[in-house]
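All remarks here apply to the structure that follows.
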Amino acid sequence: MKIAFVGKGGSGKTTLSSLFIRHLAFRGTPVVAVDADINQHLGAALGLDDPETAALPALGAHLPLIKEHLRGSNPRIASAETMIKTTPPGEGSRLLRLQEDNPIYDACAREVALDGARIRLLATGPFTESDLGVACYHSKTGAVELLLNHLVDGREECMVVDMTAGSDSFASGMFTRFDMTFLVAEPTRKGVSVYRQYKEYARDYDVPLKVVGNKVQGEDDLDFLRQEVGEDLLVTVGHSDWVRAMEKGRPRPFAELEESNSRALHALFQAVDAVYDARDWERYTRQMVHFHLRNAESWGNEKTGADLAAQVDPSFVLGEQRQEAVVPQSSQSAPQPA
């Protein structure tokens, strides 16, 4: 299952996504965590120190390897250089599974220990000095979109993506790549403004969206969120001494998280699990193709010098039944512990 955490800057989306990742790991669910935020704070929220966080490989720096692996033997893709962030898979493409070993995970993933469990962590990478003035952050998140386009995932496994702040994901089709989007909102006018943007943009794409109220301190805050977001409000989270200790570098066992906050995280898991039976892989593939053709026409064809519409395989539908089509590759080395 693919889950996104979004919200305005400072809303607490990285904290909430890290807590949800811990909740999944604690219950034994296989997890791949992805830091797709320009500020790159997810590693620290999961307990890594500054040197460990800085040492995380950048997906963007390994884009040629990612493209070459995913291209596989797909005859519609002439070369990895002609792949863009929206390129869809077709017959011959290599699909990804969350629990496999492959060259992408070998190069880009690091294992993080969480209360006895281990998860894989991927990061887009921060903006560098060489990017200033010549690149936009969407060039970094393009690798994440490619991975999502080629991912075959099941019910009892999760990819959790901490997205960039605001509504930047609407600059591509990545907002349609998720089974569930959790929008973290504070009980303020600014806090719910991103919710309104998401709600409006996602209206025509059947994007499941639930609001997680954060920093809720009383009934007045709760009433405000109910009035502003209505039935989309799933659950609220209040102050957490456990989180404060983590932020001070004094981590405590996850089992000591406040009971109210543990219940809130379980409600998030139930919401994710509830949408599994409604998965529509044909619609998912159709939306993938839709945004690829839009990107091809607006900039992709000119940039690559190729007709990217020809990359679309009209008979291909991504789905769990495609798992047997994955081309296994022996891992050169296991993900390195962070």
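Computation of the quantities below employed the complete heavy-atom set of this structure, encompassing side-chain atoms and omitting hydrogens, waters and symmetry-equivalent molecules.
- Cluster membership check: L308 does not share its hydrophobic cluster with I77, using side-chain heavy-atom separations under 4.5 Å among Ile, Leu, Val, Met, Phe, Trp and Tyr.
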side-chain contact (heavy atoms from CB on, under 4.5 Å) between N74 and D313, worked out:
CA-CA 9 Å; N74 187 338; D313 184 341; 5.8 Å; no
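- Note: the hydrophobic cluster containing M174 does not contain W299 (ILVMFWY, side chain heavy atoms under 4.5 Å, direct or indirect links).
- Expressed to the nearest 0.5 Å, how far OG of S93 lies from CD of Q311 amounts to 9.5 Å.
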Assess the residue pair R177 and M288 against the criterion (side-chain contact (heavy atoms from CB on, under 4.5 Å)); give the C-alpha distance rounded to whole Å, side-chain angles, the decisive distance to 0.1 Å, and a yes or no.
CA-CA 8 Å; R177 304 295 84 203; M288 189 190 313; 3.4 Å; yes
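- Within the model, atoms CG of L233 and CG of L222 stand 6.5 Å from one another, a figure rounded to the nearest 0.5 Å.
- V275 and L234 fall within the same hydrophobic cluster, where Ile, Leu, Val, Met, Phe, Trp and Tyr residues are linked whenever their side-chain heavy atoms come under 4.5 Å apart, directly or through other members.
- No close placement of the F175 and Y201 rings is indicated, their centers lying 6.0 Å or farther apart.
- Residues K248 and D241 are not paired through a salt bridge, judged by the lack of any N-O separation under 4.0 Å between the basic side chain and the carboxylate.
- The pair R94-E68 does not meet the salt-bridge criterion, since no charged nitrogen lies less than 4.0 angstrom from a carboxylate oxygen.
- No side-chain heavy atom of F178 sits under 4.5 Å from any side-chain heavy atom of V272.
- Under the 4.0 Å criterion applied to side-chain N and carboxylate O atoms, D277 and R155 are assigned as salt-bridge partners.
- Within 6.0 Å of the CZ atom in R294, the count of heavy atoms belonging to other residues, nucleotides or ligands does not exceed 12.
- Between R110 and E52 there is no salt bridge, since no side-chain nitrogen of the basic residue lies less than 4.0 Å from a carboxylate oxygen of the acidic one.
- When side chains are defined from C-beta on, F254 counts as touching L19, because their heavy atoms get closer than 4.5 Å.
- Note on R244 versus E247: salt bridge recorded, some NZ/NE/NH1/NH2 to OD/OE distance being below 4.0 Å.
- Looking only at side-chain heavy atoms (C-beta outward), E320 and W281 come within less than 4.5 Å of each other.
- Between R22 atom CZ and L24 atom CG the span is 12.0 Å, to the nearest 0.5 Å.
- Under a hydrophobic clustering in which Ile, Leu, Val, Met, Phe, Trp and Tyr are joined whenever their side-chain heavy atoms come within less than 4.5 Å, directly or via other members, L114 and F269 fall into the same cluster.
- Rounding to the nearest 0.5 Å places CD of E81 at 10.5 Å from CG of L63.
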For salt bridge (Lys or Arg N to Asp or Glu O under 4.0 Å), just list the numbers for K8 and E186, CA-CA rounded to whole Å, side-chain angles, deciding distance to a tenth of an Å, and then say yes or no.
CA-CA 9 Å; K8 80 172 186 67; E186 300 169 87; 3.0 Å; yes
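- Checked against Q40 for a side chain to side chain contact (heavy atoms under 4.5 Å, CB included), the options T14, T53, T124, L56 give a single hit: T124.
- In this structure, L146 is not a member of the same hydrophobic cluster as V312, with clusters built from ILVMFWY side-chain heavy atoms closer than 4.5 Å.
- The number of heavy-atom neighbours closer than 6.0 Å to CD of E297, taken from other residues, nucleotides and ligands shown, is 12 or below.
- For the pairing with N261, the side-chain hydrogen bond (donor to acceptor under 3.5 Å, both in side chains) check across E259, R263, E258 returns one residue only, E258.
- In this pair, Y205 and F291 present their aromatic rings tilted. The plane angle is within the 30 to 60° band.
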Check against side-chain contact (heavy atoms from CB on, under 4.5 Å), D162 and H41:
CA-CA 9 Å; D162 181 23; H41 292 319; 5.8 Å; no
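- The shortest distance between side-chain heavy atoms of L268 and F5 falls below 4.5 Å.
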I'd like to know whether R279 forms a side-chain contact (heavy atoms from CB on, under 4.5 Å) with D153, so could you lay out the CA-CA distance, the side-chain angles of the two residues, the decisive distance to 0.1 Å, and finally the verdict.
CA-CA 11 Å; R279 288 180 123 188; D153 54 318; 2.6 Å; yes
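- Atoms OG1 and NZ, on T15 and K215 in that order, are 8.0 Å from each other to the nearest 0.5 Å.
- At a threshold of 4.5 Å between non-hydrogen side-chain atoms, the residues R27 and E156 count as touching.
- Side-chain contact between I21 and L42 is present, with at least one heavy-atom pair separated by less than 4.5 Å.
- Side chains of E157 and R97 form no contact here, defined as non-hydrogen atoms less than 4.5 Å apart.
- If you take OG1 on T86 and NE2 on H290, they are separated by 11.0 Å, rounding to the nearest 0.5 Å.
- The side-chain heavy atoms of N149 and L70, taken from C-beta on, include no pair separated by under 4.5 Å.
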